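This one's a predicted model, so the numbers in the text were calculated from it and none came from an experiment. Numbering of residues begins at 1 and proceeds along the displayed sequence.
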Amino acid sequence: NLVQLQLDTNQISGLIPPELGVLSKLTVLLAWDNQLEGSIPSTLGGCSNLQALDLSHNSLTGSIPPSLFQLQNLTKLLLLSNDISGSIPIEIGNCSSLVRLRLGNNRIAGGIPNSIGGLRSLNFLDMSGNRLSGSVPDEIGSCTELQMIDLSNNTLEGPLPNSLSSLSELQVLDVSSNRFSGQIPASLGRLVSLNKLMLSRNSLSGSIPPSLGLCSSLQLLDLSSNELIGSIPMEVCQIEALEIALNLSCNGLTGTIPSKISALNKLSILDLSHNKLEGDLSPLSGLDNLVLLNVSYNNFTGYLPDNKL
């Protein structure tokens, strides 16, 4: 008759007992921050009423049992910071009630299955810090409740799918430190709820789409360490919500700093270093809240505005 089992933040070691699978009334199993090892028993798929499973911050190995994704009531699956390997089961799309999926900081390899499009209730997706490869499937655009996507620190490649623009609720998109190539999709400008966009340390090319200026809620924009060329779009310099950081460093950007950049008067960090920008720095005079300014390794001339000294 056990309904909830909370064992988190202890020093429990050893294996997860397969016998837990007979607890058909269990709705919550929390065992994060322990010293559990071995693989996740496939028998947990027998906990047919399970709604929340958190085994994060242990030393679990092996692969994710496909049986977990047959749990029709599961809303939270958190397995981050273990030593889990193998690939993501294609059965993932069957778990249609899933709201939070966190698999970050493991050794999961292979691709992201197309079946992820079946997760229509998902609002938090974290697969960061793994060994994922291949492209991001277009089907991710079907997960229209998504508010946060973190795919950073993998070896994902190919272009960013245009279908990301369907995620109208998206607030955070982090795909930094991968191998993405091609142009930044202009359609990302449709993401009016987006407040953090991190595309750094990839191989993205082409120019910065002016349509990003339509992301009026954006507080952080990091496009650093790519292969971007062309000028800094005036439209990006008019996102008044930008207050955390604008990082365009380590690209091949040319031209001058747009005069409209003075509209970013809440901005804390501006990094334009390691580009081919030129002209003077007078447009920076209106940026009254800067804590960090880096314009090194460019072709600027003239003087730094007095209020930046």
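- With sequence neighbours excluded, no residue forms a side-chain contact (heavy atoms from CB on, under 4.5 Å) with P159.
- Judged as a side-chain contact (heavy atoms from CB on, under 4.5 Å), and not counting sequence neighbours, the contacts of E91 are P66, F69, Q70, P89, N94.
- No continuous path of hydrophobic side-chain contacts links L55 to V28 [ILVMFWY only; heavy atoms under 4.5 Å].
- Under a 4.5 Å side-chain heavy-atom cut-off, the cluster of Ile, Leu, Val, Met, Phe, Trp and Tyr residues that includes Y297 has no other member.
- I40 is listed as a side-chain neighbour of I84, based on a closest heavy-atom distance under 4.5 Å.
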Please list, one pair per line, the donor and acceptor atoms closer than 3.5 Å that link side chains of residues 276-284 to other protein atoms, with sequence neighbours excluded.
residue : atom : partner : partner atom : Å
D280    : OD1  : S282    : N            : 3.0
D280    : OD1  : S282    : OG           : 2.5

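- Evaluation of the salt bridge (Lys or Arg N to Asp or Glu O under 4.0 Å) rule for R102 yields D126 as partners, not counting sequence neighbours.
- A 4.5 Å side-chain heavy-atom check between L188 and L194 finds every atom pair outside the cut-off.
- The side-chain contact (heavy atoms from CB on, under 4.5 Å) check on T43 picks up P18, P41, with sequence neighbours excluded.
- Residue I90 places its CD1 atom among 12 or fewer non-hydrogen atoms of other residues, nucleotides or ligands, all under 6.0 Å distant.
- Taken together through direct or relayed side-chain contacts under 4.5 Å among Ile, Leu, Val, Met, Phe, Trp and Tyr, L270 and Y303 form parts of separate hydrophobic clusters.
- To the nearest 0.5 Å, atom CG of residue D138 and atom CD1 of residue I116 are 12.5 Å apart.
- Not counting sequence neighbours, the partners of N294 by the side chain to side chain donor-acceptor pair (under 3.5 Å) test are S296.
- Think of L292 as one node in a network of Ile, Leu, Val, Met, Phe, Trp and Tyr side chains linked at under 4.5 Å; its network also takes in I269.
- The shortest side-chain heavy-atom distance between D54 and D8 does not fall under the 4.5 Å cut-off.
- Taking every heavy atom of both residues into account, L119 and C95 meet most closely at CD2-O, 3.2 Å.
- The minimum heavy-atom distance linking N123 with R100 is given by the pair OD1-CG, 4.2 Å.
- Contacts of L71 classified as side-chain contact (heavy atoms from CB on, under 4.5 Å), with partners at least two apart in sequence or in another chain: L50, L68, L74.
- Partners of D174 under the side chain to side chain donor-acceptor pair (under 3.5 Å) rule, at least two apart in sequence or in another chain, are S176.
- Residues T144 and S168 fail the side-chain proximity criterion, which asks for heavy atoms closer than 4.5 Å.
- Considering every non-hydrogen atom in both N82 and H57, the closest pair reads ND2-N, 4.0 Å.
- In terms of hydrophobic clustering, with Ile, Leu, Val, Met, Phe, Trp and Tyr side chains grouped at heavy-atom distances under 4.5 Å, L29 and L2 are assigned to a common cluster.
- Residues L103 and M127 come closest through the heavy atom pair CD1-CE, 4.3 Å.
- S217 has its side chain out of reach of S193: every pair of non-hydrogen atoms, C-beta onward, lies at least 4.5 Å apart.
- Hydrophobic cluster membership differs between L78 and L36, with clusters built from Ile, Leu, Val, Met, Phe, Trp and Tyr side chains linked at under 4.5 angstrom.
- Judged purely by distance below 3.5 Å, without hydrogens or angles, the side chains of N289 and K266 never pair a donor atom with an acceptor atom.
- Between L101 and I92, some side-chain heavy-atom pair lies under the 4.5 Å cut-off.
- Residue V295 is grouped with residue L290 when hydrophobic side chains (ILVMFWY) are merged at heavy-atom distances under 4.5 angstrom, including chains of intermediate members.
- Annotation: side chain of T27 is not in contact with side chain of N73 (no heavy-atom distance under 4.5 Å).
- The backbone N or O of N130 sits nowhere less than 3.5 Å from a side-chain atom of N106 that would complete a donor-acceptor pair.
- Although no hydrogens or angles enter the test, the distance criterion places a donor-acceptor pair under 3.5 Å between the side chain of N202 and the main chain of N178.
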With side-chain contact (heavy atoms from CB on, under 4.5 Å) as the criterion, how do I64 and I108 come out once you've worked through the C-alpha distance, each side chain's angles and the decisive distance to 0.1 Å? CA-CA 9 Å; I64 302 170; I108 300 168; 4.0 Å; yes

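- Looking at residues two or more places apart in sequence or on another chain, you find a salt bridge (Lys or Arg N to Asp or Glu O under 4.0 Å) between D83 and R107.
- The two residues N226 and N251 make their nearest non-hydrogen contact at C-OD1, 3.0 Å.
- Using modelled atom types, one side-chain atom of N58 and one backbone atom of N34 make a donor-acceptor pair closer than 3.5 Å.
- With a 4.5 Å cut-off on side-chain heavy atoms, V136 and V175 do not count as touching.
- In this structure a side-chain-to-backbone donor-acceptor pair under 3.5 Å is missing from S59 to E37.
- In this structure, the separation between OG1 on T254 and CG on N298 is 10.5 Å, given to the nearest 0.5 Å.
- I244 forms part of a hydrophobic cluster together with F124, M148, V172, M198, L220, judged by ILVMFWY side-chain heavy-atom separations under 4.5 Å.
- When only modelled atom types and interatomic distance are considered, S177 and R201 share a side-chain donor-acceptor pair under 3.5 Å.
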Give the C-alpha distance, both sets of side-chain angles, the deciding distance and a yes or no for side-chain hydrogen bond (donor to acceptor under 3.5 Å, both in side chains) between N1 and K25. CA-CA 6 Å; N1 290 318; K25 296 183 180 179; 3.0 Å; yes

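- Within the model, atoms CG of D271 and SG of C250 stand 7.0 Å from one another, a figure rounded to the nearest 0.5 Å.
- The nearest pair of heavy atoms linking L167 to L191 is O-CD2, 3.2 Å.
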